[in-house]
Amino acid sequence: QVQLVESGGGLVQPGGSLRLSCRASIGMFSLYAMGWYRQAPGKQRELVARITGLRSTNYPDSMKGRFTISRDNGKNTVYLQIDSLKPDDTAVYYCNAQWSNHNYWGQGTQVTVSS
């Protein structure tokens with residue numbers, strides 16, 4: 001059974017940092033491109049970062065600078081480092097695994113940035 005489990009979210013103050021983790025219980029993890037998406041209240045889900053099995057990364061222009069995606073294929077885990085957190089970063093952050101016609105999602109982890 002395929003499972004993606006996110007962790008590391010929580011309540012943080014503006015200017016703080018978080019590292020989110022997503023552990024994938026999945027076969028052939030290194031074949032999957034992994035992505036982090038987020039969905040804020042009243043907004044559509046948007047791509048934050050994407051990384052291939054060979055660790056090529058992609059960031060939308062709006063996400064470049066404060067977000068860093070990485071992966072550990074030996075641990076079947078993908079990470080998202082977020083620095084200089086802003087209130088607008090408040091959202092549910094979702095982990096995604098994609099390969100060919102396979103597409104899986106985690107349940108999400110809540111990130112709340114507030115004083």
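Please read these numbers as outputs of a predicted model, since none were measured by experiment. As a basis for the values below, the full set of heavy atoms in this structure was taken, side chains included, without hydrogen atoms, waters or symmetry mates.
- Note that the CG atom of D72 and the CZ atom of R55 stand 7.0 Å from one another [nearest 0.5 Å].
- Connection of L4 to M28 is established within a shared hydrophobic cluster, with ILVMFWY side chains joined at heavy-atom distances below 4.5 Å, either directly or through further cluster members.
- Between the side chain of T68 and the main chain of Q81, no donor-acceptor pair closer than 3.5 Å is present.
- A donor-acceptor pair is defined here as one N or O able to donate and one able to accept, closer than 3.5 Å; such a pair exists between the side chain of E6 and the backbone of Q107.
- Clustering ILVMFWY residues whenever any of their side-chain heavy atoms sit less than 4.5 angstrom apart, transitively, puts V113 in a cluster other than the one holding Y37.
- Between the side chains of Q98 and N96, no donor N or O sits under 3.5 Å from an acceptor N or O.
- Both M63 and L20 are part of a single hydrophobic cluster, where members link through side-chain heavy atoms under 4.5 Å apart.
- Without hydrogens or angle criteria, R71 side chain to T52 main chain gives a donor-acceptor distance under 3.5 Å.
- Under the 30°/60° scheme for interplanar angles, the aromatic rings of W105 and Y94 are found to stand perpendicular.
- Atom CG of L11 sits about 9.5 Å away from atom CD of Q110, to the nearest 0.5 Å.
- Each of V78, I82, I51, L47 was compared with W36 under the side chain to side chain contact (heavy atoms under 4.5 Å, CB included) criterion, and only V78 meets it.
- In terms of heavy atoms, T77 sits closest to S21 at CG2-CB, 4.4 Å.
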Please evaluate residues S25 and N76 with respect to the criterion side-chain contact (heavy atoms from CB on, under 4.5 Å), reporting the C-alpha separation (whole Å), side-chain torsions for both, the decisive distance (0.1 Å), and the verdict.
CA-CA 7 Å; S25 298; N76 280 24; over 6 Å; no
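- From Q39, atom CD reaches atom CD of E46 across 9.5 Å, with rounding to the nearest 0.5 Å.
- Hydrophobic clustering (ILVMFWY, side-chain heavy atoms < 4.5 Å, transitive): Y79 and V5 are in distinct clusters.
- In this structure, CG in L80 is found 11.5 Å from CE in M34, a value given to the nearest 0.5 Å.
- In this structure, the side chain of Y59 engages the main chain of I69 through a donor-acceptor pair within 3.5 Å.
- In this structure, the side chain of R66 engages the main chain of S84 through a donor-acceptor pair within 3.5 Å.
- Judged by distance alone, the side chains of S17 and R19 never bring a donor and an acceptor atom under 3.5 Å apart.
- Between K86 and D89, none of the side-chain N atoms (NZ, or NE/NH1/NH2) sits under 4.0 Å from a carboxylate O, so this pair counts as no salt bridge.
- There is a path of hydrophobic side-chain contacts, each under 4.5 Å, that joins Y104 to V48.
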